[in-house]
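Inspection log for the structure reproduced underneath, given as structure tokens.
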Amino acid sequence: MTEHTQNRHPCLPGGLIPLDQWRVPETSVRRTLRSALRDILDQLKAGIHPDDQAFKSLDDLPALSEYQLSRYAPVPDGKVFGRELVSQLESLDKNGGQSRRCRVLVAPPYSGVAEALRCSGKRVIVPPENLLMTESEIVAWWDDQLGEAGWVIPELADFWIRHRLGLGLVRELLARVAMDQVGEGIVGCSSWCWHFWGQFLPDLYLAPLTPGPLTADRLSLWLEHLAGDPPAGKLVARMTRDGSYVLPAPSGEEGDRKYSEFARDLATLSRGNPGVALAIWRRTLRARPEEDADKKDDGTPVPVGRQCWVAPLDQLSLPAVPQSSTSQSGHIIHALLLHNGLTVGQLALAAGLSGQALRVVLARLQRADVVVVGEDGVYQVSPLAYPGVRRYLQSKGYPVDGF
């Protein structure tokens, strides 16, 4: 089976594909010192005008302000993404590529699928306050929620807790979906949650779909889409090291313009995950010094152009899990990913730790920028820390998702 959609919106450049077709983006060859020097020499030979040359040091380039980040790398619009998801699913139905009334979308953390489904305009089913319900209560609850068609569950991970009494809601729902005993709806599910339930109920066949990974080309198009194309023109982003281009996205009509492999390296580092890629992208962006020269009366900078610089990935330091003689950090992080975020009370149930011990480890993970907490008291793994966290869990023998 091939990808389902042909004319894709840039907010979903990889389209929707069967889950078993997902692949990690191609890894680029690591540059040696010799190859980096050759790139610089080639750039000099190309006759770049002095005004267009790269800055010699990152110290000369300030990080972008929040105002600038909102212009160059804004958070994706959930409504636009939600409309495109629904449109592609409807296109799939019309083409006979989906026989089930309930569609399942599996995606890695930070992919934006849950927020898009919340903004899709369909009826959103929210989890009950009590996840430790009896079997009869669970059956009655789902009967009430699934009575009418046109519903969405943005994140299945919100409907269970890794506890002997906290599995019933999801187990009942997945059984109904597998037997096609639900009305028309969409279930969104984190890849970590899906991995757990795929092992817990291995005989279920639900034919899930997933957004195609952001390969180098797709990532460039997606970042360009986020930056927009206002009257000032498309965003121009170039590497601080040698002045090679990252954006605008290559179109095949660049002439002598030299492009960096940054997009490919970022796609590999983020494993094609849009939310992780965006978080790292925002961290790499640097401003031209003159962009902060003029200020409005309220202190915000006056837009003077659509140009910025990009720091090489090997000059960034991403958060890492602090070393510890115990496995508590791993248990907590794994539980947070399984459930796409938890409160302290929920974590105590899922990770099996006492309140004080739990808070001590959480505080340490927060100081290391591995974990963040929202205003609602829900703790989550930081997208900047996710690449290192996933490698950490894999090295410690924890079951990891397939993304």
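Count residues from 1 along the sequence. Computed from heavy atoms alone, side chains included, the values below leave out hydrogens, waters and symmetry copies.
Under the 3.5 Å distance criterion, the side-chain polar atoms of Ser91 are left unmatched by any main-chain donor or acceptor of Ser87. For Gln380 (side chain) and Asn340 (main-chain N/O), a donor-acceptor pair under 3.5 Å exists by modelled atom type. At least one donor-acceptor pair under 3.5 Å links the side chain of His163 to the backbone N or O of Leu165. Remark: side-chain polar atoms of His225 are not paired, donor with acceptor, to backbone N or O of Leu221 under 3.5 angstrom. A donor-acceptor distance shorter than 3.5 angstrom exists from the side chain of Glu155 to the backbone of Ser190, with no hydrogens or angles considered. A distance-only check finds a donor-acceptor pair linking the side chain of Ser270 to the backbone of Leu266 [under 3.5 Å]. Proximity of a side-chain donor or acceptor of Gln315 to a complementary backbone N or O of Pro312 within less than 3.5 Å is not detected.
Note that the CG atom of Leu347 and the NE2 atom of His331 stand 12.5 Å from one another [nearest 0.5 Å]. One finds the NZ atom of Lys396 at 9.5 Å from the OG atom of Ser327 (value rounded to the nearest 0.5 Å). One distance of note links CG of Leu64 with OH of Tyr72; it measures 6.5 Å at 0.5 Å rounding. For the atom pair CZ (Arg306) and NZ (Lys234), the distance works out to 11.0 Å, reported to the nearest 0.5 Å. Between Leu173 atom CG and Gln145 atom CD the span is 10.5 Å, to the nearest 0.5 Å. The line from CG of Leu214 to CG of Leu12 is 9.0 Å long, rounded to the nearest 0.5 Å.
Using a 30° and 60° split on the angle between ring planes, Phe196 and Phe200 fall in the parallel class, below 30°. Ring geometry for Trp142 against Phe159 counts as parallel: the plane angle stays under 30°, on a 0 to 90° scale with 60° as the upper cut. Note on ring orientation: taking the six-membered ring where Trp is involved, the planes of His334 and Tyr398 are tilted (angle from 30° to 60°). A tilted orientation is assigned to the rings of Tyr245 and Tyr259, their planes being inclined by 30° to 60°.
Of all the heavy atoms in Ala368 and Ala320, the pair that sits closest is CB-O, 4.1 Å. A pairwise comparison of heavy atoms in Ile17 and Pro213 identifies CD1-CD, 4.2 Å as the closest pair. Annotation for Trp192 and Val400: closest pair CZ3-CA, 3.6 Å, computed over non-hydrogen atoms. Looking at every heavy atom in both residues, Thr343 comes nearest to Gln346 through N-OE1, 3.0 Å. Looking at every heavy atom in both residues, Arg286 comes nearest to Cys308 through O-CB, 3.3 Å. The minimum heavy-atom distance linking Leu169 with Trp141 is given by the pair CD2-CE3, 3.9 Å.
Val236 has its side chain within reach of Arg238: a pair of non-hydrogen atoms, C-beta onward, lies under 4.5 Å apart. The shortest distance between side-chain heavy atoms of Ser244 and Glu261 does not fall below 4.5 Å. The closest side-chain heavy-atom distance from Val389 to Leu337 is below 4.5 Å. Between Ser120 and Leu85 there is no side-chain heavy-atom pair separated by less than 4.5 Å. Counting heavy atoms from C-beta on, the side chains of Val381 and Tyr110 come closer than 4.5 Å. You'll find the side chain of Leu117 stays beyond 4.5 Å of the side chain of Val187, heavy atoms only. Using a 4.5 Å cut-off on side-chain heavy atoms (C-beta onward), Leu226 and Pro76 make contact. Under the 4.5 Å side-chain criterion, counting only non-hydrogen atoms from C-beta, Met133 is in contact with Pro128.
Under a 4.0 Å N-O distance rule, the pair Arg241/Asp314 qualifies as a salt bridge. Comment: Arg176 engages Asp143 in a salt bridge, judged by a side-chain N to carboxylate O separation of less than 4.0 angstrom.
Ring centroids of Trp281 and Phe262 are separated by less than 6.0 Å, placing the two rings close together.
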Where do Thr210 and Phe403 land on the side chain to side chain contact (heavy atoms under 4.5 Å, CB included) test, with the steps shown first?
-> CA-CA 10 Å; Thr210 188; Phe403 289 78; 3.5 Å; yes
Step-by-step side chain to side chain contact (heavy atoms under 4.5 Å, CB included) determination, Asp158 to Leu131 | CA-CA 9 Å; Asp158 296 336; Leu131 297 178; over 6 Å; no
Under the side chain to side chain contact (heavy atoms under 4.5 Å, CB included) criterion, do Arg271 and Val276 qualify, and how do the steps go?
-> CA-CA 8 Å; Arg271 296 177 66 87; Val276 174; over 6 Å; no
Is there a side chain to side chain contact (heavy atoms under 4.5 Å, CB included) between Leu235 and Gln307 once you walk through the steps?
-> CA-CA 6 Å; Leu235 176 65; Gln307 300 185 64; 5.9 Å; no
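The 12-atom threshold is not exceeded at CZ of Arg359, counting heavy atoms of other residues, nucleotides or ligands nearer than 6.0 Å. The environment of Arg162 atom CZ is dense: over 12 non-hydrogen atoms of other residues, nucleotides or ligands sit within 6.0 angstrom. Shown here is Glu135, whose CD atom has no more than 12 heavy atoms of other residues, nucleotides or ligands within 6.0 Å.
The salt bridge (charged side-chain N to carboxylate O under 4.0 Å, His left out) test applied to Glu66 returns Arg282, not counting sequence neighbours. For Glu115, the salt bridge (charged side-chain N to carboxylate O under 4.0 Å, His left out) test picks out Arg118, with sequence neighbours left out.
Under the 3.5 Å distance criterion, with hydrogens and angles disregarded, no donor-acceptor pair is assigned to the side chains of Asp217 and Thr215.
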